**Student:** 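Pasting a structure below so you can have a look.
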Amino acid sequence: MSAKYIFVTGGVVSSLGKGLAAASIGCLLETRGIKVNLMKIDPYLNVDPGTMSPFQHGEVFVTDDGAETDLDLGHYERFTHAKLSRDNNWTTGRIYEQIIAKERRGDYLGKTVQVIPHVTDEIKAAMKKVAQDVEVLIVEIGGTVGDIESLPFLEAIRQMRLELGREQTLFVHVTLVPFIAAAQELKTKPTQHSVKELLSLGIQPDILLCRTDRFLSQEIKSKIALFCNVQEEAVITAKDVNSIYEVPLVFSQEGVDALVLRYLRLEAKERDLQQWKEIVHRVYNPKAEVTIGIVGKYVEYEDSYKSLKEALGHGALAHNLKLHLNWIEAESLETEDRVYEEQLQNYDGILVPGGFGKRGIEGMLNAIRYAREQKVPYFGICLGMQIACIEFARHVCGLREANSTEFDPATPHRVIYKLRELRGVEELGGTMRLGAWICKIVPGTLAHRIYGRLEISERHRHRYEFNRDYEETLVAAGLKISGSTPDGTYVEIIELPDHPHFLGCQFHPEFKSKPLEPHPLFRAFIGAAYDHGLRRRADKVAAELEMFHRPQKVSSR
Ligand code: GLN
């Protein structure tokens, strides 16, 4: 089977939602029974985003095969059933790394190695590799048309059209149609300029997805069509929505999938969007609310916890709840005495997510101590599990200086220490325990009740682990190790049986949660938080009533 290709480019400004557009097109094609795969190309020189700051680049998404990839791959997995691996995310750095390795080996037989054809050939080969076994490959080109860095990629997709022809390739361009308040008008000029830029590179877009805050009138569509040389029906209103899960519905209403099928001459069945409609219905019709406090280092920039935010949302949708997420700067909880407790009082559940480095650790410890003592549902992910172990060691087992060697290399109680297999490895890039690993669950535990299974596979990204030398002490004091690797080497899940819901996992379950398949750990945590919220509010009302009915003290004078 020879696959067809949809190339998604972006113009005018970044952050127009190209990744979501690509994912939504994939989703729509799947609902019509077409097998798709998706690929992201990032024009930067880093080999992968693994070493990039989540402040700058957002979350690092991890695939089953342990690739550290762009967060758009998370959208692809949440919207489709595509199986993604390191082959689905390429950067300029990785393409060049391969070319230079070949050149050093002498593979080019003395030729001069050039951008065209050597770099473009490498890019095309990468695309063709993941297009095997699917009907349609959707390739998202990162960056904005006009950037110097993305030129080789745009040249490669131009060549693909020439090689494969019109019925095998489709160019979708995501652009911006801003509403200018002063003129009270939608402006088409930025789109015209962006398409002109694409045309100058030899690419004529077939479909324009116009990001806008209102529906485009027929008049505006005609104008854009005329100036950009596309069919009127292919000028699509990509209107802003409240929930990302609405995008496939909006696209389907605008006929994007029908257009794609027609342009690519694909036969497909009627689409079935019932499940997505159901999800969106739930988003708009919650039965109640739940409020979660996330205590982390990178609170200023939400993209650094993209999958986590989505997974919590899936958990809330599973219970038909509206989710309020409050990001709490961990350092703000590093107060003298227990003043920090005031900040934590109004949460139905507390979560400490993954993270690296020392900043904010003491604040996270305080938050976990509060959750443990006050019986507030707690969910610790990766770093959040490690700190829960340290907190338990310090305040329950009396090992006051317990720590992770990541934060205090000289600690006398190395409850968390560097992964045994990484001793002596000092490089940062790609040197973690990454990707999917099997975990065995202990029967009868909270983890067992939640998963309903005794063997699971989850994705990892960490450099430190629980030190089994402390197992006996912590377990004797009430901590339960409820999940480990099959050979028993690594601790994967810990919990506190003497608590309504206290669980930490060394892996990142957020990477595997989807709106249509909410991850069990998130569903359970949100459920427990909701119950806690009900209890918390009922207790408050009872306390107020008691105050009200209590006999008033009458002054003796
Ligand atoms: N910094 C910790 C480690 O490397 C936790 C990593 C994480 O939370 N992803 O093990």
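Residues: numbered from 1 along the sequence shown. What you see is a predicted model, and the numbers here were worked out from it, not measured in a lab. Whatever order the structure lists them in is the order used to number ligands and atoms, beginning at 1.
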**Student:** State whether the shortest distance between N or O atoms of G355 and N or O atoms of ligand 1 falls below 3.5 angstrom.
**Tutor:**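 Yes, at least one N or O pair falls under 3.5 Å.
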**Student:** For atom 7 (C) of ligand 1, which candidate among C382, S404, P353 holds the nearest heavy atom?
**Tutor:**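 Of the listed residues, C382 has the closest heavy atom.
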**Student:** Ignoring hydrogens and geometry, is there a side-chain-to-backbone donor-acceptor pair from R420 to T489 under 3.5 Å?
**Tutor:**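 Such a contact is found between R420 side chain and T489 backbone.
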**Student:** Using distance alone, determine whether R461 and ligand 1 share an N or O pair under 3.5 Å.
**Tutor:**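 Min N/O separation from ligand 1 is below 3.5 Å for R461.
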**Student:** List for me each residue that meets side chain to side chain donor-acceptor pair (under 3.5 Å) alongside E517, sequence neighbours excluded, and say none if there are none.
**Tutor:**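 Partners of E517 by the side chain to side chain donor-acceptor pair (under 3.5 Å) criterion come out as none, since no residue qualifies.
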**Student:** Heavy-atom pairs closer than 4.0 Å: do any link ligand 1 to the side chain of Q386, the backbone, both, or neither?
**Tutor:**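 For Q386, the contact with ligand 1 is made by the side chain alone.
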**Student:** Pick from R461, E59, E458: which one makes a side chain to side chain contact (heavy atoms under 4.5 Å, CB included) with H508?
**Tutor:**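 Looking at R461, E59, E458, the match for H508 under the side chain to side chain contact (heavy atoms under 4.5 Å, CB included) is R461.
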**Student:** Which heavy atom in I279 sits nearest to a heavy atom in P515, and how many Å separate them?
**Tutor:**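 Smallest interatomic distance, heavy atoms only, reads CD1-O, 3.4 Å.
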**Student:** D42 side chain to G142 main-chain N or O, any donor-acceptor pair under 3.5 Å?
**Tutor:**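 No, D42 side chain to G142 backbone: no donor-acceptor pair under 3.5 Å.
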**Student:** Say whether H508 and ligand 1 are in contact under the criterion: heavy-atom distance to a ligand atom below 4.0 Å.
**Tutor:**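 Yes; H508 lies near enough to ligand 1 that a heavy-atom distance drops under 4.0 Å.
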**Student:** Would you give me the side-chain donor-acceptor pairs under 3.5 Å for residues 438-447, sequence neighbours excluded?
**Tutor:**
from: K440; atom 1: NZ; to: E455; atom 2: OE1; distance (Å): 2.8
from: T445; atom 1: OG1; to: V442; atom 2: O; distance (Å): 2.7
from: T445; atom 1: OG1; to: H448; atom 2: N; distance (Å): 3.2

**Student:** To the nearest 0.1 Å, how far is atom 1 (N) of ligand 1 from its closest protein heavy atom, and which atom is that?
**Tutor:**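 Ranked first by proximity to atom 1 (N) of ligand 1 is E406 OE1, 2.8 Å.
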**Student:** Enumerate the atoms of ligand 1 whose separation from the nearest heavy atom of Y464 is less than 4.0 angstrom.
**Tutor:**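 In order of number, 3 (C), 4 (O), 10 (O).
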**Student:** Identify the protein heavy atom lying closest to atom 4 (O) of ligand 1, giving its residue, its atom name and the separation to 0.1 Å.
**Tutor:**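 Going by distance alone, atom 4 (O) of ligand 1 is nearest to R463 N, 2.9 Å.
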